[in-house]
Amino acid sequence: MKIKLVSFAIICLACSPIGNTESLKKTEKEPHLSQAYSYIQNPDARPSLSLNGAWSYIIDPYENGYYNHRYQPYDQGYFQNKQMTSPSDLIEYDFSTAETLQVPGDWNTQAKELLFYEGTIWYHRNFQLNKQLNKRYVINFGAVNYAAIVYVNGKKVGRHEGGFTGFQFDISDYTNNGDNFITVKVDNRRERDQVPTVNTDWWNYGGITREVSILELPDSYIANYRLQLSKANQNQITTDIWIDGKLKSTSEKPALVQVSIPELGMKQNGYPDKNGKVNFTFKPNTDVKDENSLQQWSPKNPKLYSVELSYNGEVVNDKVGFRTIETKQDKILLNGKPIFLRGISIHEESPLTDGRAWSEADARILLGWAKELGANFVRLAHYPHNETMLKVADELGLLVWSEIPVYWTVMFDDEIVYNKAESQLVEMIRRDFNRVSVALWSVANETPNSESRLAFLTRLIAKAKTLDESRLFTAAMDTHSSSSNGVVIDDPLIEFVDVIGINHYCGWYYSVAEKCAEIVWENPYNKPVMISEFGAGALQGKHGDKDDRWTEEYQANAYKYNLQMLMNIPGIQGVSPWVLKDFRSPRRPLANIQDFWNRKGLLSETGIKKQAWWVLNDFYVNMAIKKDK
Ligand code: GCU
């Protein structure tokens with residue numbers, strides 16, 4: 001039965017956290033939530049139907065399931081899921097007899113013939129939906145790389161571009177009570193005008209690479225919410241909540257929004273305003289002498305608080321930490337105290353299986369290795385990782401550098417490309433701004449200096465600041481210039497970031513390891529510097545002289561002198577060597593050494609430690625001991 005839905009705006013003029021009941025006016029025009037907040041936060045915390053598992057698939061390199069022979073989109077595409085009803089029917093595709101792929105999962109590592117495949121693959125599965133009255137049904141994709149067109153019961157519900165951020169479509173009006181089917185056109189072709197563009201040093205894993213679920217929500221529901229220590233007053237917790245959805249035409253008693261943080265003995269409620277927004281300010285006890293006072297999150301004490309949000313019969317639970325992160329001259333301050341970020345860079349590749357990481361088990365192993373290394377920080381390169389990775393980082397006490405794949409030579413002078421980058425930035429921030437571990441948002445990696453690049457990146461930073469001012473902004477730059485005896489840190493972007501990220505491969509791409517420690521670094525900026533990448537390649541198990549390329553000894557020697565170099569850099573406040581684990585790359589074909597793996601990992605692709613692991617581990621352990629003295 002279709003529920004007749006009209007929009008309903010809640011006008012609460014004198015609304016206060018306690019919540020006064022104001023006259024409620026219905027208007028036909030329900031203001032749309034800004035794209036930043038019309039995202040259903042924490043989908044895993046909502047009642048849902050998982051669509052993980054085996055999906056049928058059809059490889060479609062000529063997009064024959066989308067275009068007719070005149071290369072025009074046609075309505076008889078594979079998304080119709082046509083079945084033969086008589087022996088004379090001409091239907092040249094059939095999902096019911098097709099092979100299957102596991103979702104989540106990249107296709108490259110699920111079938112030998114798909115390892116290098118770049119193009120379209122159609123995914124298809126059936127599902128049963130037991131629809132309830134007054135409920136909304138929203139499909140949530142953790143990520144699809146690179147472009148997705150989603151059809152439900154043969155009707156297009158939406159499309160998304162960008163391989164590393166979640167997206168959602170309301171499918172309430174597309175689904176039946178009972179039998180349904182979903183078809184997704186996934187296309188991972190690299191294009192010059194995409195983000196990232198055609199050249200990257202990582203594998204172009206295609207597919208539905210993260211989890212898929214159908215969320216069941218009340219007809220008016222908690223969309224996004226954000227809890228964080230106020231930038232203005234670090235003893236206050238600000239809470240913003242965005243309500244979305246439409247109510248039935250009957251005059252409903254307005255529903256109160258309630259937020260509680262039981263461990264802090266705090267609870268407030270109030271009505272959403274005409275834009276569906278409500279915010280509260282909590283003033284927790286911050287008397288450090290009192291054991292019930294607010295404990296600020298840190299790597300040493302990754303304190304998370306259970307938070308309960310409720311509205312219109314829905315309860316959303318989350319675990320949120322509270323901390324401050326800021327810079328003061330050339331220092332990074334966590335909760336007001338200087339911190340050195342002992343990090344490691346990580347690609348989103350599974351340590352358990354081959355291919356893209358997506359599960360909690362993947363996250364616990366990858367981040368468990370970082371903790372074992374002595375790290376308090378991880379650079380999740382070069383794109384937003386899956387949400388579970390950040391929730392585990394919250395729990396383990398690892399600060400995070402999170403980044404969008406504005407990588408190398410994207411088309412900085414193209415407005416459409418800018419919009420693609422901005423969409424991915426917004427999607428990253430609106431998903432993760434409750435993740436206390438995220439300390440830095442990065443807008444780029446190794447982008448060549450130009451006016452259009454500067455305009456592009458500063459515009460992204462300005463946009464990000466409208467969504468979240470509680471974190472630091474950075475980028476990984478390789479555009480430093482050299483002086484007669486060293487390196488001068490200089491890039492026009494530095495004026496716009498809080499922390500200067502520098503990628504520098506002394507002893508691998510240039511110079512020799514022993515000379516790294518002699519480099520004179522000039523940092524004319526009174527800002528913190530991080531070496532966001534240094535490293536060297538080694539094939540695990542290959543041994544020889546420290547000058548023999550690809551031996552573990554060569555890599556360990558490079559680490560030894562780069563770590564000495566590190567401490568000569570004015571304002572150095574952190575490092576995230578490249579990289580935790582060997583990872584697949586189409587740019588690394590050297591037979592019997594690389595075999596399409598980038599060998600700069602401290603661990604082999606199967607997780608075996610190389611000598612350099614111990615060089616970095618010693619450095620971090622000794623640094624941590626010194627710091628604690
Ligand atoms: C670059 C780049 C990485 C790449 C690494 C390498 O700095 O940022 O994505 O993998 O160097 O050359 O191995």
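Atoms within a ligand are numbered from 1 in the order they appear, just like the ligands themselves.
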Out of V579, T200, D201, whose heavy atom sits nearest atom 10 (O) of ligand 1?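 Comparing heavy atoms across V579, T200, D201, the nearest one to atom 10 (O) of ligand 1 lies in D201.
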Check each of Y509, W508, Y505, Y407 against atom 12 (O) of ligand 1 and report the one with the nearest heavy atom.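 Closest candidate by heavy-atom distance is Y509.
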Which atoms of ligand 1 have any heavy atom of [X] under 4.0 Å away?
X	result
R588	6 (C), 12 (O), 13 (O)
N445	2 (C), 8 (O)
N503	7 (O), 8 (O)

With the side chain counted from C-beta on, respond yes when Y505 and K600 share a heavy-atom pair under 4.5 Å apart, and no when they do not.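 Yes - at least one pair of side-chain heavy atoms lies under 4.5 Å apart.
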Between [X] and [Y] (side chain of the first, backbone of the second, donor and acceptor by atom type, cut-off under 3.5 Å), is there such a pair?
X	Y	result
D498	T474	no
W358	D106	no
N204	N188	yes
Y383	T165	no

Mind checking whether F583 has a heavy atom under 4.0 Å from ligand 1?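 So F583 counts as touching ligand 1.
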Considering only the protein, which heavy-atom contact is closest to [atom], and what is its distance?
atom	value
atom 7 (O) of ligand 1	E446 OE2, 2.3 Å
atom 13 (O) of ligand 1	K600 NZ, 2.6 Å
atom 2 (C) of ligand 1	E533 OE1, 3.4 Å

Should T209 and R356 be marked as a side chain to side chain donor-acceptor pair (under 3.5 Å) after you check the CA-CA gap, both sets of side-chain angles, and the distance that decides it? CA-CA 7 Å; T209 50; R356 275 281 170 244; 5.9 Å; no
Parallel, tilted or perpendicular, as decided by the 30° and 60° cut-offs, for the rings of W550 and W508: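 Aromatic pair W508/W550 classed perpendicular.
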Ring geometry between H480 and W521 (parallel below 30°, tilted from 30 to 60°, perpendicular above 60°):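 Rings of W521 and H480: tilted, 30 to 60°.
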Does an N or O anywhere in H382 fall below 3.5 Å from an N or O of ligand 1?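 H382 vs ligand 1: N/O contact under 3.5 Å present.
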Sub-3.5 Å N/O-N/O distance, W578 and ligand 1: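 Indeed, backbone or side chain, W578 has an N or O that close.
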